[in-house]
Amino acid sequence: MTRARTEPHDPATATGYPDHPPRMGFFTDTTVCIGCKACEVACKEWNAIPDDGLELTGMSYDNTVGLGADTWRHVAFIEQRKPMARQDPGLHHDLDVLAMAEQGSATSPAEAAMTPTGPGAGSDFRWLMASDVCKHCTHAACLDVCPTGSLFRTEFGTVVVQEDICNGCGYCIPACPYGVIDQRKDDGRAWKCTLCYDRLSEGMEPACAKACPTDSIQFGPLDVLRDRARQRVAQLHGAGVTDARLYGENPDDGVGGDGAFFLLLDEPEVYGLPPDPVVTTRDLPAMWRHVGRAALTLAGGALAAFAATIGRRS
(Lines give C-alpha, C1' and ligand atoms only; values in the text may rest on other atoms or scores of the structure.)
Protein backbone atom coordinates (compact mmCIF):
# COMPACT_ATOMS: atom_id res chain seq x y z
CA MET A 1 0.00 0.00 0.00
CA THR A 2 1.24 3.50 -0.82
CA ARG A 3 2.40 5.34 2.26
CA ALA A 4 1.60 8.95 2.97
CA ARG A 5 4.28 11.57 3.20
CA THR A 6 4.47 13.46 6.49
CA GLU A 7 2.69 16.83 6.28
CA PRO A 8 2.06 19.53 8.89
CA HIS A 9 -1.69 19.01 8.47
CA ASP A 10 -1.60 15.21 8.55
CA PRO A 11 -4.04 14.18 11.30
CA ALA A 12 -3.15 10.47 11.20
CA THR A 13 0.49 11.18 12.02
CA ALA A 14 -0.53 13.65 14.73
CA THR A 15 -2.80 10.98 16.22
CA GLY A 16 0.03 8.47 16.49
CA TYR A 17 0.03 6.44 13.28
CA PRO A 18 3.74 6.51 12.32
CA ASP A 19 3.29 4.45 9.15
CA HIS A 20 -0.12 4.85 7.57
CA PRO A 21 -1.93 4.98 4.20
CA PRO A 22 -2.51 8.30 2.42
CA ARG A 23 -5.21 10.50 3.90
CA MET A 24 -8.42 9.63 2.07
CA GLY A 25 -11.41 11.86 1.48
CA PHE A 26 -14.21 13.14 -0.73
CA PHE A 27 -14.29 15.81 -3.41
CA THR A 28 -17.89 16.65 -4.27
CA ASP A 29 -18.29 18.48 -7.58
CA THR A 30 -21.76 19.97 -7.21
CA THR A 31 -21.77 21.19 -10.83
CA VAL A 32 -22.47 17.66 -12.08
CA CYS A 33 -24.84 16.54 -9.30
CA ILE A 34 -28.24 15.60 -10.78
CA GLY A 35 -30.03 15.20 -7.46
CA CYS A 36 -30.77 11.52 -7.96
CA LYS A 37 -30.04 10.76 -4.27
CA ALA A 38 -28.37 7.45 -5.18
CA CYS A 39 -25.69 8.36 -2.63
CA GLU A 40 -28.30 8.67 0.12
CA VAL A 41 -29.78 5.29 -0.72
CA ALA A 42 -26.40 3.55 -0.98
CA CYS A 43 -25.29 5.02 2.35
CA LYS A 44 -28.44 3.82 4.10
CA GLU A 45 -28.29 0.37 2.55
CA TRP A 46 -24.64 -0.29 3.36
CA ASN A 47 -24.73 1.13 6.89
CA ALA A 48 -28.22 -0.18 7.77
CA ILE A 49 -29.44 3.34 8.62
CA PRO A 50 -33.15 3.73 9.46
CA ASP A 51 -35.32 5.48 6.88
CA ASP A 52 -36.38 9.11 7.29
CA GLY A 53 -39.99 8.55 6.40
CA LEU A 54 -41.72 9.49 3.15
CA GLU A 55 -43.29 12.76 4.24
CA LEU A 56 -42.46 15.78 2.07
CA THR A 57 -41.76 19.09 3.78
CA GLY A 58 -43.78 21.12 1.28
CA MET A 59 -40.75 23.37 0.79
CA SER A 60 -38.79 21.36 -1.76
CA TYR A 61 -38.48 18.02 -3.54
CA ASP A 62 -35.89 17.25 -0.89
CA ASN A 63 -37.58 15.30 1.90
CA THR A 64 -34.53 14.58 4.06
CA VAL A 65 -33.93 18.30 4.80
CA GLY A 66 -30.43 17.95 6.30
CA LEU A 67 -27.78 15.73 7.82
CA GLY A 68 -28.61 13.87 10.99
CA ALA A 69 -28.28 10.63 12.91
CA ASP A 70 -30.36 8.84 10.27
CA THR A 71 -29.07 10.81 7.25
CA TRP A 72 -25.31 10.58 6.75
CA ARG A 73 -25.51 11.80 3.14
CA HIS A 74 -27.93 14.56 2.20
CA VAL A 75 -28.60 15.92 -1.29
CA ALA A 76 -29.78 19.51 -1.04
CA PHE A 77 -32.08 21.06 -3.67
CA ILE A 78 -31.53 24.81 -3.79
CA GLU A 79 -33.80 26.86 -6.05
CA GLN A 80 -32.48 30.17 -7.36
CA ARG A 81 -33.71 32.91 -9.65
CA LYS A 82 -30.46 32.94 -11.56
CA PRO A 83 -29.59 31.67 -15.05
CA MET A 84 -27.48 28.58 -15.43
CA ALA A 85 -24.12 29.12 -17.07
CA ARG A 86 -24.32 28.43 -20.84
CA GLN A 87 -27.50 26.45 -20.34
CA ASP A 88 -31.17 27.07 -21.00
CA PRO A 89 -33.34 25.47 -18.32
CA GLY A 90 -36.39 26.23 -20.45
CA LEU A 91 -38.96 26.97 -17.74
CA HIS A 92 -42.31 28.47 -18.68
CA HIS A 93 -43.23 31.09 -16.11
CA ASP A 94 -46.06 32.44 -18.28
CA LEU A 95 -48.16 29.26 -17.94
CA ASP A 96 -50.99 28.84 -15.45
CA VAL A 97 -50.35 25.27 -14.35
CA LEU A 98 -53.44 25.23 -12.12
CA ALA A 99 -55.62 26.10 -15.10
CA MET A 100 -53.94 23.32 -17.07
CA ALA A 101 -54.73 20.89 -14.26
CA GLU A 102 -58.41 21.89 -14.37
CA GLN A 103 -58.51 21.05 -18.07
CA GLY A 104 -57.50 17.47 -17.32
CA SER A 105 -57.52 15.37 -20.46
CA ALA A 106 -58.49 18.47 -22.45
CA THR A 107 -54.97 19.87 -22.10
CA SER A 108 -53.53 20.31 -25.55
CA PRO A 109 -50.57 18.07 -26.50
CA ALA A 110 -48.39 21.13 -27.02
CA GLU A 111 -49.00 22.31 -23.47
CA ALA A 112 -48.84 18.85 -21.92
CA ALA A 113 -45.35 18.33 -23.34
CA MET A 114 -43.96 21.35 -21.54
CA THR A 115 -41.69 20.40 -18.67
CA PRO A 116 -39.08 22.30 -16.63
CA THR A 117 -36.33 20.68 -18.69
CA GLY A 118 -38.04 20.83 -22.07
CA PRO A 119 -37.27 23.35 -24.82
CA GLY A 120 -38.76 26.78 -24.43
CA ALA A 121 -38.09 30.42 -23.71
CA GLY A 122 -35.09 31.38 -21.62
CA SER A 123 -35.40 31.71 -17.87
CA ASP A 124 -33.50 32.97 -14.87
CA PHE A 125 -34.20 29.85 -12.80
CA ARG A 126 -31.72 27.17 -11.74
CA TRP A 127 -31.37 24.36 -9.24
CA LEU A 128 -28.17 23.94 -7.27
CA MET A 129 -27.85 20.36 -6.08
CA ALA A 130 -25.19 19.30 -3.61
CA SER A 131 -24.54 16.10 -1.70
CA ASP A 132 -23.46 17.06 1.82
CA VAL A 133 -21.63 14.82 4.29
CA CYS A 134 -19.48 14.91 7.44
CA LYS A 135 -16.35 16.96 6.69
CA HIS A 136 -13.88 14.74 8.63
CA CYS A 137 -12.04 17.85 9.81
CA THR A 138 -8.29 17.94 10.34
CA HIS A 139 -8.92 19.59 13.73
CA ALA A 140 -12.11 17.85 14.86
CA ALA A 141 -13.75 19.37 17.92
CA CYS A 142 -15.98 16.31 18.33
CA LEU A 143 -12.84 14.30 19.09
CA ASP A 144 -11.66 16.87 21.62
CA VAL A 145 -14.81 16.78 23.72
CA CYS A 146 -15.70 13.04 23.62
CA PRO A 147 -15.18 11.71 27.17
CA THR A 148 -15.36 8.00 26.37
CA GLY A 149 -13.14 7.68 23.30
CA SER A 150 -16.15 6.72 21.22
CA LEU A 151 -14.94 9.13 18.54
CA PHE A 152 -11.54 8.24 17.14
CA ARG A 153 -9.22 9.11 14.25
CA THR A 154 -8.48 6.32 11.80
CA GLU A 155 -5.26 5.58 9.94
CA PHE A 156 -6.92 7.14 6.84
CA GLY A 157 -7.31 10.48 8.64
CA THR A 158 -11.09 10.10 8.95
CA VAL A 159 -13.24 10.48 12.08
CA VAL A 160 -15.42 7.56 13.18
CA VAL A 161 -17.95 6.99 15.98
CA GLN A 162 -17.95 3.70 17.86
CA GLU A 163 -21.60 3.44 18.83
CA ASP A 164 -21.01 0.65 21.33
CA ILE A 165 -18.79 2.98 23.39
CA CYS A 166 -20.91 6.13 23.03
CA ASN A 167 -22.67 7.00 26.31
CA GLY A 168 -25.05 9.51 24.75
CA CYS A 169 -23.63 12.54 26.59
CA GLY A 170 -24.14 14.70 23.50
CA TYR A 171 -21.02 16.84 23.98
CA CYS A 172 -20.01 16.29 20.36
CA ILE A 173 -23.27 17.72 19.00
CA PRO A 174 -22.65 21.43 19.75
CA ALA A 175 -18.90 20.97 19.24
CA CYS A 176 -19.26 20.34 15.49
CA PRO A 177 -18.97 23.66 13.58
CA TYR A 178 -20.98 22.18 10.69
CA GLY A 179 -23.87 20.74 12.70
CA VAL A 180 -23.23 17.29 11.23
CA ILE A 181 -23.17 14.86 14.13
CA ASP A 182 -26.51 14.07 15.76
CA GLN A 183 -28.14 11.83 18.38
CA ARG A 184 -30.63 9.16 17.38
CA LYS A 185 -33.95 9.68 19.13
CA ASP A 186 -34.62 6.10 20.14
CA ASP A 187 -31.26 5.44 21.83
CA GLY A 188 -29.55 8.81 22.35
CA ARG A 189 -26.22 7.77 20.87
CA ALA A 190 -24.31 9.89 18.35
CA TRP A 191 -24.15 8.86 14.68
CA LYS A 192 -22.57 10.26 11.53
CA CYS A 193 -20.72 9.33 8.34
CA THR A 194 -17.75 7.01 8.89
CA LEU A 195 -16.49 7.43 5.31
CA CYS A 196 -17.26 3.70 5.16
CA TYR A 197 -14.29 2.78 7.34
CA ASP A 198 -15.14 -0.90 7.01
CA ARG A 199 -14.97 -0.65 3.20
CA LEU A 200 -11.76 1.39 3.26
CA SER A 201 -10.11 -1.26 5.42
CA GLU A 202 -10.79 -3.77 2.62
CA GLY A 203 -9.54 -1.52 -0.18
CA MET A 204 -13.04 -0.56 -1.35
CA GLU A 205 -14.41 2.92 -1.99
CA PRO A 206 -17.29 4.31 0.10
CA ALA A 207 -20.79 3.24 -0.92
CA CYS A 208 -21.94 6.76 -1.84
CA ALA A 209 -19.06 7.37 -4.25
CA LYS A 210 -19.52 3.91 -5.74
CA ALA A 211 -23.19 4.62 -6.44
CA CYS A 212 -22.84 8.18 -7.84
CA PRO A 213 -23.70 7.96 -11.57
CA THR A 214 -22.08 11.27 -12.57
CA ASP A 215 -18.91 11.12 -10.44
CA SER A 216 -20.11 14.16 -8.54
CA ILE A 217 -18.77 12.39 -5.44
CA GLN A 218 -15.12 11.51 -6.01
CA PHE A 219 -13.10 9.47 -3.53
CA GLY A 220 -9.34 9.08 -3.24
CA PRO A 221 -6.15 10.42 -1.64
CA LEU A 222 -6.89 13.92 -0.42
CA ASP A 223 -3.87 15.61 -2.04
CA VAL A 224 -4.82 14.09 -5.42
CA LEU A 225 -8.41 15.27 -5.04
CA ARG A 226 -7.29 18.80 -4.19
CA ASP A 227 -5.18 19.03 -7.35
CA ARG A 228 -8.07 17.67 -9.42
CA ALA A 229 -10.49 20.14 -7.84
CA ARG A 230 -8.27 23.14 -8.63
CA GLN A 231 -8.03 22.03 -12.25
CA ARG A 232 -11.82 21.70 -12.39
CA VAL A 233 -12.30 25.23 -11.03
CA ALA A 234 -9.85 26.59 -13.61
CA GLN A 235 -11.77 24.75 -16.33
CA LEU A 236 -15.08 26.25 -15.19
CA HIS A 237 -13.63 29.75 -14.95
CA GLY A 238 -12.34 29.37 -18.49
CA ALA A 239 -15.85 28.40 -19.59
CA GLY A 240 -17.30 31.56 -18.04
CA VAL A 241 -18.57 30.06 -14.78
CA THR A 242 -16.89 32.67 -12.62
CA ASP A 243 -18.86 31.82 -9.45
CA ALA A 244 -17.19 28.42 -9.13
CA ARG A 245 -15.13 28.12 -5.96
CA LEU A 246 -13.79 25.46 -3.60
CA TYR A 247 -14.96 25.06 -0.03
CA GLY A 248 -13.08 23.22 2.70
CA GLU A 249 -9.93 22.37 0.75
CA ASN A 250 -7.64 24.93 2.43
CA PRO A 251 -5.37 23.34 5.09
CA ASP A 252 -4.95 26.78 6.68
CA ASP A 253 -8.63 27.42 7.41
CA GLY A 254 -10.26 27.34 10.85
CA VAL A 255 -10.51 23.55 10.96
CA GLY A 256 -7.20 22.74 9.28
CA GLY A 257 -8.91 21.76 6.05
CA ASP A 258 -11.67 19.23 5.51
CA GLY A 259 -11.39 15.60 4.53
CA ALA A 260 -14.55 16.13 2.51
CA PHE A 261 -14.58 19.33 0.47
CA PHE A 262 -16.79 20.80 -2.25
CA LEU A 263 -16.91 22.74 -5.49
CA LEU A 264 -19.72 25.30 -5.15
CA LEU A 265 -21.43 27.68 -7.56
CA ASP A 266 -22.42 30.25 -4.96
CA GLU A 267 -21.58 31.44 -1.47
CA PRO A 268 -21.35 28.69 1.18
CA GLU A 269 -24.32 30.17 3.06
CA VAL A 270 -26.55 29.40 0.07
CA TYR A 271 -25.80 25.70 0.62
CA GLY A 272 -26.30 25.95 4.38
CA LEU A 273 -22.55 25.84 5.07
CA PRO A 274 -20.75 28.21 7.48
CA PRO A 275 -18.64 30.74 5.54
CA ASP A 276 -15.67 30.58 7.92
CA PRO A 277 -15.84 27.41 10.06
CA VAL A 278 -13.59 27.32 13.10
CA VAL A 279 -12.87 24.38 15.40
CA THR A 280 -15.01 25.15 18.42
CA THR A 281 -12.40 23.97 20.91
CA ARG A 282 -9.64 26.27 19.65
CA ASP A 283 -9.91 28.56 22.71
CA LEU A 284 -9.87 25.76 25.29
CA PRO A 285 -6.10 25.96 26.02
CA ALA A 286 -6.32 29.73 26.60
CA MET A 287 -9.44 29.27 28.73
CA TRP A 288 -7.72 26.67 30.92
CA ARG A 289 -4.71 28.96 31.28
CA HIS A 290 -7.00 31.73 32.50
CA VAL A 291 -8.69 29.30 34.88
CA GLY A 292 -5.28 28.21 36.17
CA ARG A 293 -4.16 31.80 36.73
CA ALA A 294 -7.40 32.63 38.50
CA ALA A 295 -7.06 29.54 40.71
CA LEU A 296 -3.49 30.47 41.61
CA THR A 297 -4.50 34.04 42.38
CA LEU A 298 -7.35 32.83 44.57
CA ALA A 299 -5.10 30.36 46.35
CA GLY A 300 -2.48 33.05 46.88
CA GLY A 301 -5.06 35.41 48.30
CA ALA A 302 -6.35 32.71 50.65
CA LEU A 303 -2.83 31.92 51.86
CA ALA A 304 -2.08 35.60 52.40
CA ALA A 305 -5.28 36.03 54.41
CA PHE A 306 -4.51 32.92 56.44
CA ALA A 307 -0.96 34.12 57.13
CA ALA A 308 -2.25 37.53 58.20
CA THR A 309 -4.74 35.92 60.59
CA ILE A 310 -2.02 33.74 62.14
CA GLY A 311 0.22 36.78 62.49
CA ARG A 312 -2.41 38.74 64.41
CA ARG A 313 -3.09 35.86 66.80
CA SER A 314 0.59 35.42 67.55
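- R23 and T158 form no side-chain donor-acceptor contact under 3.5 Å, judged by distance and modelled atom types alone.
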side-chain hydrogen bond (donor to acceptor under 3.5 Å, both in side chains) between Y197 and E155, intermediate numbers included: CA-CA 10 Å; Y197 182 46; E155 66 271 29; 2.8 Å; yes
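- Counting only distance, with no hydrogens or angles, the side chain of E40 and the backbone of T71 share no donor-acceptor pair below 3.5 Å.
- Follow the hydrophobic side-chain contacts under 4.5 Å out from V233 and you reach F262 in the same cluster.
- Between the NE2 atom in H74 and the CG atom in L67 there is a gap of 7.0 Å [rounded to 0.5 Å].
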With side-chain contact (heavy atoms from CB on, under 4.5 Å) as the criterion, how do E205 and K210 come out once you've worked through the C-alpha distance, each side chain's angles and the decisive distance to 0.1 Å? CA-CA 6 Å; E205 66 178 323; K210 184 72 173 179; 3.2 Å; yes
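- A donor-acceptor pair under 3.5 Å is absent between the side-chain atoms of T13 and the main chain of P18, judged by distance alone.
- With rounding to the nearest 0.5 Å, the separation of CG in L128 from CG in D243 is 9.5 Å.
- Here the shortest heavy-atom pairing between D215 and C212 reads N-SG, 3.6 Å.
- Each of T214, L263, L264 was evaluated against D29; a single residue qualifies, L263, per the side chain to side chain contact (heavy atoms under 4.5 Å, CB included) test.
- In this structure, P177 and V279 have side chains that are not in contact, with every pair of non-hydrogen atoms separated by 4.5 Å or more.
- Between C142 atom SG and L151 atom CG the span is 5.0 Å, to the nearest 0.5 Å.
- What you find for G25 and L225 is that their closest heavy atoms are O-CD1, 3.3 Å.
- How far CD of E269 is from CD of E267: 5.5 Å, rounded to the nearest 0.5 Å.
- Residue P274 comes nearest to Y247 through the heavy atom pair O-OH, 2.5 Å, listed as atom of the first residue, atom of the second, then distance.
- Both L143 and I181 are assigned to one and the same hydrophobic cluster, defined by single-linkage of ILVMFWY side chains at heavy-atom distances under 4.5 Å.
- The hydrophobic clustering, which links ILVMFWY residues whose side-chain heavy atoms are closer than 4.5 Å, places V241 and L246 together.
- Using modelled atom types, no side-chain atom of Q218 and backbone atom of A209 make a donor-acceptor pair closer than 3.5 Å.
- Although no hydrogens or angles enter the test, the distance criterion places no donor-acceptor pair under 3.5 Å between the side chain of T281 and the main chain of A141.
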When you look at L222 and F156, which way does the side-chain contact (heavy atoms from CB on, under 4.5 Å) test go after all the steps? CA-CA 10 Å; L222 198 58; F156 300 102; over 6 Å; no
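- Taking the side chain as every heavy atom from C-beta outward, I78 and W127 never approach each other to under 4.5 Å.
- Every residue two or more places apart in sequence or in another chain was checked for a side-chain hydrogen bond (donor to acceptor under 3.5 Å, both in side chains) with E163, and none qualifies.
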Show, in sequence, the C-alpha distance, side-chain angles and deciding distance for I49 and C43, and conclude whether the side-chain contact (heavy atoms from CB on, under 4.5 Å) test is met. CA-CA 8 Å; I49 303 173; C43 178; 3.7 Å; yes
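- Here the shortest heavy-atom pairing between C146 and S150 reads SG-N, 3.3 Å.
- Taking the side chain to side chain contact (heavy atoms under 4.5 Å, CB included) definition, one finds that D227 meets it with R230, sequence neighbours left out.
- Looking at heavy atoms from C-beta onward, D132 lies in side-chain contact with L273 at the 4.5 angstrom threshold.
- With hydrogens and angles ignored, the 3.5 Å screen pairs no side-chain donor or acceptor of R189 with any backbone N or O of G168.
- Using a 4.5 Å heavy-atom cutoff, the side chains of M129 and C36 are not in contact.
- Side chains of V161 and K192 form a contact here, defined as non-hydrogen atoms less than 4.5 Å apart.
- Although no hydrogens or angles enter the test, the distance criterion places no donor-acceptor pair under 3.5 Å between the side chain of Q231 and the main chain of R228.
- For the residue pair Q80 / D266, a side-chain donor-acceptor distance below 3.5 Å is found, with atom types taken as modelled.
- To the nearest 0.5 angstrom, T280 atom OG1 is 12.5 Å from H139 atom NE2.
- Side-chain contact annotation: H237 with T242, donor-acceptor N/O pair under 3.5 Å absent.
- Considering only heavy atoms from C-beta on, P213 comes within 4.5 Å of I34 through its side chain.
- In this structure, W72 contributes its side chain and D70 its backbone to no donor-acceptor pair below 3.5 Å.
- Side-chain N or O atoms of T194 include one that pairs as donor or acceptor with a backbone N or O of C196 at under 3.5 Å.
- Taking the six-membered ring for Trp and the full ring otherwise, the centers of F27 and F261 sit less than 6.0 Å from each other.
- Residues Y271 and V180 are members of one and the same hydrophobic cluster, defined by side-chain heavy-atom contacts under 4.5 angstrom among Ile, Leu, Val, Met, Phe, Trp and Tyr.
- Applying the side-chain hydrogen bond (donor to acceptor under 3.5 Å, both in side chains) test to every pair with at least one member in residues 168-183, sequence neighbours left out, gives these pairs: Y178-D258.
- Listed here is the closest heavy atom pair of S216 and C33: OG-CB, 3.6 Å.
- The side-chain heavy atoms of P206 and M24, taken from C-beta on, include no pair separated by under 4.5 Å.
- Taking NZ of K44 as the reference point, atom CZ of R73 lies at 13.5 Å (rounded to 0.5 Å).
- Nearest approach of Y17 to R153, heavy atoms of both residues: OH-O, 2.8 Å.
- In this structure, V160 is a member of the same hydrophobic cluster as L200, with clusters built from ILVMFWY side-chain heavy atoms closer than 4.5 Å.
- Donor-acceptor pairing under 3.5 Å is recorded for the side chains of R232 and T31.
- Residues D10 and H20 have side chains that bring a donor and an acceptor to within less than 3.5 angstrom of each other.
- Side-chain contact check for S131 versus C208: every heavy-atom pair is 4.5 Å or farther apart.
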Test L195 against H136 for side-chain contact (heavy atoms from CB on, under 4.5 Å), laying out the working first. CA-CA 8 Å; L195 218 147; H136 295 273; 3.7 Å; yes
